[in-house]
Amino acid sequence: MALRSFARSSDDRVVAGVCAGIAQTLGVDPTLIRLIFAILALAGGAGVLLYLALWAYSDSRSIWVVAILGLFGISAVLHALGLNDRVVIGIALVAGGLTLIWRRGGTFARNAPLSALGVTLAAAGAVLVLSRGGVDQSVLAPGAVAGSLLLIAGPWLWRLAVDRDAERTARIRGEERDEVAARVHDSVLQTLALIQRHASEPRKVAAYARRQERELRGWLYGDRAPDDSDSLSSLLAAAAADVEELHGVRVELASSGDCPADESVAALALAAREAMTNSAKYSGADLVDVYSEVNDDRVSVFVRDRGVGFDPTAVTADRRGISDSIVGRMQRAGGTTTVTSAPGEGTEVELGMSRSAS
Amino acid sequence: MKRRVVLVDDHHLFRAGVIAEIGAAVDVVGEADTVADAVPLIRELDPDVVLLDVHLPDGGGDAIINAVAPDRPGVRFLALSVSDAAEDVIAVIRAGARGYVTKTISGEELTSAIERVAEGDAVFSPRLAGFALDAFRDGERVGGDAELDELTPREREVLQLIARGYMYKEIAARLNLSVKTVESHVSNVLRKLQLSSRHELTRWATQHRLV
């Protein structure tokens with residue numbers, strides 16, 4: 001919660017409106033604050049002194065007036081609490097010293113000059129406070145000095161650590177931004193440039209956009225799919241991506257079940273890639289549907305287009321794609337190939353193998 | 001009369017693209033990019049179909065359906081997403097969406113999907129068909145209503161053909177059915193997806209705190 005800055009109340013005042021001002025700042029009942037000051041006033045007049053200090057502060061009087069009034073006020077409170085002179089003076093010295101350090105440095109920023117007077121005052125105060133017990137001065141004095149140094153240096157060191165953390169965070173942010181910028185430049189901006197240059201070729205534009213989408217997606221979400229490597233579906237996805245990119249068609253993937261990619265599954269995926277390539281190159285369709293299904297005993301992949309189709313019995317020998325890359329490869333891997341096609345009705349290639357063979 | 005459509009997606013460019021593609025065939029009456037904006041907008045406009053992204057900045061598409069469906073039973077939802085994750089899609093389907101299509105769908109296909117959803121049919125993209133087959137895979141039954149927990153062999157056949165990229169009329173021709181019968185099989189599968197207590201589906205839905 002951010003405190004509002006303290007100001008005397010001008011409309012709700014008994015003496016100068018200091019109590020009402022504090023109450024407003026803290027959001028409590030003014031009567032409560034007045035009561036506290038009244039009780040403090042009984043403690044050697046501390047309430048009065050503190051009241052005057054705050055009054056001076058709110059009127060922007062010299063900081064020294066405020067500090068001295070405040071110090072005396074706090075001293076009076078401490079006295080009233082039963083602490084002896086020595087401790088009270090010690091605390092006052094520490095407080096004064098720290099105030100000086102703060103004021104001179106402004107903040108505990110790393111390069112702010114330390115006030116020698118402030119350090120001395122605080123150290124002396126700390127020695128007074130910590131050596132008060134009078135048990136064994138020779139033992140306590142070094143401890144007191146160390147304690148005082150800690151008092152002085154602690155906030156400064158803390159501030160240093162905070163600064164360093166902030167700097168480190170900023171540096172990491174900067175590095176991240178650089179990485180994103182590099183990535184955006186290498187891929188997204190290049191792609192946008194390519195798209196502008198090929199604006200009249202929708203297929204190319206679509207292929208660029210899809211490749212870019214895939215890349216970005218892989219980069220953004222890649223680490224969320226650790227099991228993505230080397231399964232049938234990941235091999236098919238990679239194949240589909242390549243075919244989309246090379247031939248400017250859309251490949252829609254669907255799957256039911258998946259399995260790890262051993263040698264024969266890899267062969268199956270390669271055959272599927274070849275089938276996708278054929279559809280992309282020869283069918284004239286702009287969409288190829290690929291569906292893979294893995295059961296306990298069988299793996300099947302269907303590659304289908306709605307293009308021109310052909311007569312499977314009349315394939316010429318130079319269309320080596322189907323006979324070698326698909327049928328032959330599937331046979332060697334112990335699988336089967338079924339090609340269903342007719343002129344004008346599109347083509348579907350069904351690749352299957354039993355899982356015991358794989 | 002043109003179908004009245006509300007489009008909910010947090011990508012402005014994507015919305016503009018969709019409107020450019022389907023704007024001639026349907027009447028896009030409203031757009032929203034968050035759950036918070038979409039819910040009152042859909043209540044107010046009472047459109048025929050809401051095209052719904054699965055992921056929004058302030059929640060899932062299922063949150064919109066859950067908030068709107070009870071008092072606007074006439075509004076049909078169609079999920080439109082790039083999401084690849086089965087659980088996200090299943091969550092939206094179980095919340096009540098009538099179908100799921102991927103964002104790479106062509107404008108023509110999208111228009112016909114909107115039309116079908118508006119008429120109360122289910123729209124399965126190949127990918128959703130694959131998810132459904134996965135969900136109703138053998139050996140994962142957990143009791144409950146057996147009718148809802150199993151696909152009939154025919155439904156399975158229809159889904160497999162959808163997954164392979166066949167259109168309804170192609171499926172009808174191949175299985176010697178009428179297109180209407182194919183549609184009713186798909187609608188049945190959708191109903192089972194939404195109502196079944198099967199382990200897989202419940203698990204997916206639980207991940208999205210629907211149950």
Side-chain angles (χ1 to χ4, degrees), chain A residues 192 202 206-207 209-210 213-214 216-218 220-222 224-225 228 232-234 236-237 240-241 244 249-258 275-276 279 283 285-298 300-307 338 340 345-351, chain B residues 11 13-14 17 20-21 54-55 81-90 100-110 113 124-140 151 155-171 173-174 189 193 200:
Chain A
L192 287 175
R210 255 192 299 282
E213 182 195 335
R214 249 187 337 266
L216 269 184
R217 199 177 285 287
L220 290 172
Y221 308 115
R224 292 191 201 163
D228 206 31
L232 173 63
S233 61
S234 71
L236 288 177
E244 284 190 335
V249 295
R250 180 156 66 96
V251 179
E252 192 79 19
L253 282 174
S255 67
S256 166
D258 201 356
M276 292 180 221
S279 282
S283 77
D286 54 8
L287 170 68
V288 180
D289 279 291
V290 178
Y291 171 57
S292 62
E293 189 176 67
V294 181
N295 296 329
D296 293 339
D297 50 356
R298 197 168 172 77
S300 317
V301 176
F302 301 85
V303 178
R304 174 180 158 78
D305 68 67
R306 260 191 216 90
T338 312
T340 316
E345 293 188 8
T347 304
E348 185 171 52
V349 177
E350 179 182 350
L351 310 166
Chain B
H11 296 104
L13 273 176
F14 179 75
E21 282 198 316
V54 169
H55 295 288
S81 171
V82 287
S83 173
D84 295 323
E87 60 263 31
D88 296 336
V89 175
I90 295 294
Y100 163 70
V101 293
T102 42
K103 277 187 176 174
T104 50
I105 190 171
S106 72
E108 206 178 313
E109 290 168 315
L110 183 57
F124 276 33
S125 61
R127 190 168 293 161
L128 178 56
F131 291 159
L133 285 167
D134 265 346
F136 290 100
R137 211 154 250 280
D138 299 331
E140 284 168 9
L151 294 182
E155 285 165 356
R156 207 171 278 278
E157 241 173 333
V158 168
L159 278 185
Q160 273 162 341
L161 287 170
I162 293 175
R164 283 159 65 177
Y166 283 70
M167 294 186 299
Y168 286 10
K169 66 172 193 292
E170 293 168 332
I171 296 170
R174 198 174 160 113
V189 175
L193 272 178
E200 266 307 288

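Every chain is numbered from 1 and lettered A, B, ... according to where its sequence line falls, protein lines coming before strand lines.
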Less than 4.5 Å to any heavy atom of chain B: does that hold for the side chain of A:N295, its backbone, both, or neither? both
Residue part contacting chain A, namely of B:E170, when any heavy atom lies under 4.5 Å: side chain
Restricting to non-hydrogen atoms, name the atom on B:D134 and the atom on A:G257 that form the minimum distance, rounded to 0.1 Å. OD1-N, 2.7 Å
Pair A:E348, B:Y166 - check side-chain hydrogen bond (donor to acceptor under 3.5 Å, both in side chains), show working. CA-CA 10 Å; A:E348 185 171 52; B:Y166 283 70; 2.6 Å; yes
May I ask you to decide if A:S256's main-chain N or O and B:R137's side chain share a donor-acceptor pair within less than 3.5 Å? yes
Interatomic distance, CG@B:L161 vs CG@A:D289, rounded to 0.5 Å, equals 11.5 Å
Top contributor to chain B contacts, counting heavy-atom pairs under 4.5 Å, from A:E252, A:E293, A:R306: A:R306
Region of A:V301 that comes under 4.5 Å of a non-hydrogen atom in chain B: neither
Need one label for B:S106: side chain, backbone, both or neither, based on atoms under 4.5 Å from any heavy atom in chain A. both
Between B:I162 and chain A, with a heavy-atom cut-off of 4.5 Å, which part of the residue counts as in contact: side chain, backbone, both or neither? neither
If you compare all heavy atoms of A:A254 against all heavy atoms of B:A163, which two are closest, and at what distance to 0.1 Å? CB-O, 3.9 Å
